[in-house]
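A note on names: the letters A, B, ... follow the listed sequences, proteins ahead of strands, and every chain is numbered from 1.
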Amino acid sequence: MQPLPETFYDQPTLELARSLLGCVLVNETEEGNTSGYIVETEAYLGATDRAAHSFQNRRTKRTEIMFGKAGMVYTYTMHTHCLVNVVSGEIGQPEAVLIRAVEPKQGLHLMEKRRPVTKIENLTSGPGKLTKAMGISTADYGRSFLEPPLYIAEGFTPDSITQGKRIGIHNSGEAKDYPYRFWITGNKFVSK
DNA sequence: GTCGAGATTGACT
DNA sequence: GTCAATCTCGACT
């Protein structure tokens, strides 16, 4: 499986968020390899998006990576969980795409070992769930999706894509109603 | 050094 | 619907 080329990330963040649907997220670890089709994403446009960590180009130690090159890995700890983003936009533009859900492809047994569930559709149907199932952590912060062990490869073209409001952002004024969320219509691994 | 907030999840009323 | 778990970082003393 080949990582997608650098040119794939050379497109506007909202288009990248849409393009990532159907692509394969791969993580190679000592325990084994896991991969899954990306079925849900959210765009964060730092300069104007109040819900983004980098709102109004706020540059901190944590958001630093968002100002860098598209295709970098931005991981972030939220309460007890870890979230994973793909950095987007030109250098100097703090934009990123949050990977909210994947559909398991390879390493199903390993994912279930890391995150025991009764229903398979609960395994990776949320941003904190998929990182645990695939073994992604804050140690991956600053890596590149262009090369192993953590990378994104070509998958399939979704039949139908739905666009809507983002989830789980509170007290963000108008930003909470921005239609920056994309998911594959009808896929059961999309979060609620 | 201490305090508060948060791009979530799972359990419970 | 509500709420706590538990960690990192930024702001302040």
Side-chain angles (χ1 to χ4, degrees), chain A residues 12-18 20-21 25 27 36 38-68 70-89 93-104 111-143 145 150 152 162-184 187-192:
Chain A
T13 300
L14 287 171
E15 285 179 31
L16 180 64
R18 181 185 287 263
L20 281 167
L21 295 177
L25 178 65
N27 193 24
I38 297 170
V39 299
E40 182 181 359
T41 60
E42 279 181 11
Y44 285 87
L45 277 47
T48 57
D49 183 356
R50 196 170 150 189
H53 295 152
S54 54
F55 177 54
Q56 288 182 337
N57 295 319
R58 194 167 121 89
R59 185 191 285 249
T60 66
K61 193 174 171 183
R62 186 172 64 188
T63 63
E64 181 67 34
I65 194 75
M66 293 178 76
F67 291 82
M72 302 296 282
V73 180
Y74 174 35
T75 52
Y76 168 69
T77 306
M78 181 61 189
H79 293 90
T80 56
H81 306 280
C82 180
L83 281 60
V84 62
N85 299 251
V86 183
V87 174
S88 178
Q93 289 178 234
E95 304 184 352
V97 178
L98 169 67
I99 299 175
R100 282 197 63 90
V102 303
E103 176 178 334
M111 290 195 213
E112 288 187 297
K113 183 180 156 194
R114 285 174 177 147
R115 212 186 110 72
V117 288
T118 50
K119 291 182 186 171
I120 188 69
E121 56 263 40
N122 284 336
L123 191 57
T124 54
S125 57
K129 299 178 186 179
L130 76 91
T131 54
K132 185 172 183 191
M134 294 188 65
I136 297 169
S137 73
T138 51
D140 296 303
Y141 178 94
R143 281 215 169 102
F145 280 114
L150 181 60
I152 293 172
T162 308
Q163 179 171 0
K165 294 200 284 192
R166 289 177 296 186
I167 290 181
I169 46 180
H170 164 72
N171 268 354
S172 300
E174 288 186 352
K176 73 181 196 297
D177 292 325
Y178 292 172
Y180 290 172
R181 176 175 172 240
F182 301 88
W183 67 95
I184 295 179
N187 188 286
K188 66 180 177 181
F189 292 94
V190 171
S191 63
K192 290 177 292 188

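- Distance from the side chain of His53(A) is smallest to dA7(B) among dT9(B), dA7(B), dG10(C).
- For Arg58(A), a side-chain nitrogen or oxygen approaches OP1 or OP2 of dA11(C) to under 4.0 Å.
- Nucleic acid contact class of Arg100(A) (heavy atoms, under 4.0 Å, all strands): sugar-phosphate only.
- Nearest heavy-atom pair across Phe145(A) and Leu25(A) is CE2-CD1, 3.8 Å.
- Ionic pairing of Glu174(A) and Arg50(A) is not present here: no N-O contact between side-chain nitrogen and carboxylate oxygen is shorter than 4.0 angstrom.
- Here the C1' atom of nucleotide dT8(B) and the NE2 atom of His170(A) are 14 Å apart, to the nearest Å.
- Checked for salt-bridge contact, Arg166(A) and Asp49(A) meet the test: a charged N lies under 4.0 Å from a carboxylate O.
- You won't find any donor-acceptor pair under 3.5 Å spanning the side chain of His79(A) and the base of dA4(C), going by distance alone.
- Among the protein residues, Tyr141(A) comes within range of no part of the nucleic acid, since none of its heavy atoms lies under 4.0 Å from any strand.
- The listed nucleotides are dG10(B), dG10(C), dA7(B); the one nearest the side chain of Arg115(A) is dG10(B).
- Separating the CD atom of Glu42(A) from the C1' atom of dT8(B) is a distance of 12 Å, rounded to the nearest angstrom.
- Put simply, CG on Asn122(A) is 11 Å from C1' on dT9(B), counting in whole angstrom units.
- Rounded to whole angstrom, the span from the NZ atom of Lys132(A) across to the P atom of dC7(C) amounts to 13 Å.
- The side chain to side chain contact (heavy atoms under 4.5 Å, CB included) test with Ile167(A) is passed by exactly one of Glu42(A), Lys176(A), Lys192(A): Glu42(A).
- Stacking between Tyr76(A) and dA7(B) is absent: the ring centroid is not both under 5.5 Å from the six-membered base ring centre and under 30° in plane angle.
- With both pairing distances under 3.5 Å, dG10(B) is matched to dC3(C) as a Watson-Crick or G-U wobble pair.
- Phosphate contact (OP1/OP2 of dC7(C), side-chain N/O of Thr80(A), threshold under 4.0 Å): absent.
- Across all strands shown, Ile169(A) has heavy atoms under 4.0 Å from sugar-phosphate atoms exclusively, and none from any base.
- Nearest heavy-atom pair across Tyr74(A) and Arg62(A) is CE1-O, 3.4 Å.
- Between the CZ atom of Arg59(A) and the P atom of dC9(C) there is a distance of 17 Å, rounded to whole Å.
- Atom CG of Leu130(A) and atom P of dT8(B) are 12 Å apart (whole Å).
- Nucleotide dT9(B) holds its P atom 13 Å from the CG atom of Leu123(A), rounded to whole Å.
- In this entry the distance linking NZ of Lys192(A) with P of dT8(B) reads 13 Å, nearest Å.
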